[in-house]
Structure formats: C-alpha cells, structure tokens
Protein chains: 2
Amino acid sequence: MTLAQVFSALGDPIRLKLFTLIARDPSQEVCACSFVDELQRSQPTISHHLKILREAALITGTKRGTWVWYSVNTEALSEVREFLS
Amino acid sequence: MTLAQVFSALGDPIRLKLFTLIARDPSQEVCACSFVDELQRSQPTISHHLKILREAALITGTKRGTWVWYSVNTEALSEVREFLS
DNA sequence: TTGCTATATTGACAGTTATCAATATAACAC
DNA sequence: GTGTTATATTGATAACTGTCAATATAGCAA
C-alpha cells in the first residue's frame with residue numbers, strides 16, 4: 001500500500017501491460033486465460049502478476065462464477081497522480 | 001527510457017526518497033554526501049540509485065566543480081502523469 | 001606537482017523476483 | 001457424485017537487484 005509499492009508494481013513490463021489492458025476496458029470481462037495468450041506468459045505467471053497489482057491496490061478483482069472481472073482502482077491512481085504534481 | 005523503466009526507478013523506497021528530496025528543492029545544490037547522511041546508505045549505493053534515476057530520465061545532474069546539482073526532469077513527469085489519466 | 005574532497009565504478013554477495021511445472025481450489029454442468 | 005474449466009498456490013530455479021568495501025576518476029587548492 002505504500003507509494004513505492006505502487007510504482008514497483010507498475011515497474012514490470014508485463015504488469016504494466018496487464019494494467020493498461022484492464023484500464024483500457026474496465027467494463028468488460030477479463031479472464032487470465034486471455035492475458036496468457038496476449039502476454040505470452042504461463043497462467044501461474046499471469047496470476048502472480050495480477051496478485052501484485054491487487055496488493056498494490058491498483059486493480060480489484062471480483063469473482064463471478066469461474067471467471068474473475070478486473071477493473072482499475074481509480075482512487076489509487078489519483079493518489080499517484082497527486083504525488084507527481 | 002520506457003514507461004516501465006520510469007516506474008521501476010520510482011519503485012525503490014530509497015530512490016523514491018531521493019526523488020522527492022530533489023523535487024522538493026530543485027533550486028538548491030544537492031550533493032551525494034548529504035543523501036548519505038539522510039538516507040543511511042553508503043556513498044556508492046546513493047550514487048548507484050542516482051544513476052538509475054538519471055537513466056530513467058527522471059532527474060538530470062550537472063557537475064559544477066566537484067559537486068553535482070540535481071533537478072527533476074519535468075518533461076518525464078508530465079509523460080507519466082499523462083499515462084495515468 | 002601533491003593532497004584533499006565529491007562522485008563514479010568495480011567486484012562480490014545476499015536477498016529478491018520472474019518464471020514455469022505441478023498441484024490445489026473453486027465453480028459450474030452433467 | 002464425475003468431469004471440465006478458470007484461477008490460485010506451491011516449489012524450484014535462473015536472473016536480477018540492493019548493498020558495501022575497495023578503487024578509480026575528476027576537480028579544486030596550495
């Protein structure tokens with residue numbers, strides 16, 4: 001939850017892509033399997049990165065059925081923007 | 001110079017403190033020795049972190065005499081802010 | 001030149017991290 | 001119940017990173 005933790009979470013290329021994919025389409029269903037194809041990483045690796053983004057409070061995931069819907073946490077984003085200004 | 005590189009540079013607690021110290025007082029002379037005292041790290045470690053911030057284009061250092069003056073690169077900052085909005 | 005000081009680089013090492021294979025868990029359909 | 005699918009966790013390993021001691025470089029002063 002620290003600011004360094006947030007920056008560190010975004011500091012990995014795979015996680016930055018994950019974050020932008022989620023941020024770009026917050027209304028749609030996103031499942032890890034699509035990320036696997038898109039980012040060329042194994043399912044456990046994607047799951048690992050999603051966890052780090054979650055722990056940094058950058059995204060939230062809610063499970064509906066077997067799928068998980070992800071969306072960005074806009075509050076965390078504004079905090080970071082505020083720091084940078 | 002990638003966005004991930006910028007976030008990664010800010011993702012370390014020591015570097016985040018270095019960056020805020022420089023950003024908070026951009027007009028003043030800053031020398032690594034003061035950072036050594038302030039951040040409780042050895043001079044080579046501070047120098048190493050400053051290099052990473054420089055390579056991420058977050059700060060620029062100009063040498064005048066034996067001291068180095070550091071200031072933040074405002075262009076890089078706006079780029080990051082733009083990404084987050 | 002010699003000496004002093006601020007910063008950078010090198011080398012080594014411990015701790016961390018990104019990755020995948022294997023396995024586990026959870027939720028659905030039958 | 002069984003079977004299937006989506007996601008999470010565990011364990012192992014290679015690669016990376018933060019750190020300091022030692023050394024090098026650069027600039028000033030005498």
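Keep in mind that what you see is a predicted model, and the values were worked out from it rather than measured. By convention in this document, chain letters (A, B, ...) are assigned in the order of the sequence lines, proteins followed by strands, and residues within each chain are numbered from 1. Note that these values count all heavy atoms, side chains included, but never hydrogens, waters or copies made by symmetry.
At the phosphate of D:dT9, OP1 or OP2 sits under 4.0 Å from a side-chain N or O atom of A:Lys51. The side chain of A:Thr45 places no N or O atom within less than 4.0 Å of a non-bridging phosphate oxygen (OP1 or OP2) of C:dT19. Residue B:Lys63 has no polar side-chain atom (N or O) positioned under 4.0 Å from OP1 or OP2 of C:dA8. A sub-4.0 Å separation between OP1 or OP2 of D:dT7 and a side-chain N or O of A:Thr66 is absent. Look at B:Arg54 and you'll find a side-chain N or O under 4.0 angstrom from OP1 or OP2 of C:dA8. When the side-chain nitrogen and oxygen atoms of A:Arg15 are compared with OP1 and OP2 of C:dA18, one or more of them lie within a distance under 4.0 Å.
Whole-Å rounding puts the A:Glu55 CD to C:dT17 C1' distance at 13 Å. Note: CH2 (A:Trp69) to P (D:dA6) measures 12 Å, nearest angstrom. If you take CD1 of A:Ile46 and P of D:dT9, they are 15 Å apart, rounded to a whole angstrom. The separation between A:Gln5 atom CD and C:dT17 atom C1' is 14 Å, rounded to whole Å. Note: CG (B:Leu10) to P (D:dG18) measures 12 Å, nearest angstrom. Look at CD on A:Gln40: it is 16 Å from C1' on C:dA18, rounded to the nearest Å. Regarding B:Ile59, its CD1 atom lies at a distance of 13 Å from the C1' atom of C:dT7, rounded to whole Å. For the pair A:His48 NE2 and C:dT19 P, the computed distance is 8 Å after rounding to whole Å.
Contacts of B:His49 with the nucleic acid, taken as non-hydrogen atoms under 4.0 Å apart, involve only primed sugar atoms and P, OP1 or OP2.
Two residues, B:Leu50 and A:Ile14, neighbour DNA chain C, and the one matched to the more 5' nucleotide by heavy-atom proximity is B:Leu50. Comparing B:Pro44 and A:Gly65 against DNA chain C, the residue whose closest nucleotide sits nearer the 5' end is B:Pro44.
B:Gln43 contributes no side-chain N or O that forms a donor-acceptor pair with the base of C:dA6 under 3.5 Å.
With hydrogens and angles ignored, the 3.5 Å screen pairs no side-chain donor or acceptor of A:Arg15 with any backbone N or O of A:Leu50. Side-chain atoms of A:Thr20 come within 3.5 Å of backbone N or O of A:Leu16 as a donor-acceptor pair.
The CD atom of A:Glu75 lies 10.5 Å from the OG1 atom of A:Thr60; values are rounded to the nearest 0.5 Å.
Closest to the side chain of A:Tyr70, out of D:dA8, D:dG18, C:dT7, is D:dA8. Taking only side-chain atoms of B:Arg41, from C-beta outward, the nucleotide of C:dT7, D:dC20, D:dA8 with the closest atom is D:dC20.
Cluster membership check: B:Leu77 shares its hydrophobic cluster with A:Leu77, using side-chain heavy-atom separations under 4.5 Å among Ile, Leu, Val, Met, Phe, Trp and Tyr.
Looking at B:Ile52 and B:His48, their side chains come closer than 4.5 Å, going by heavy atoms from C-beta outward.
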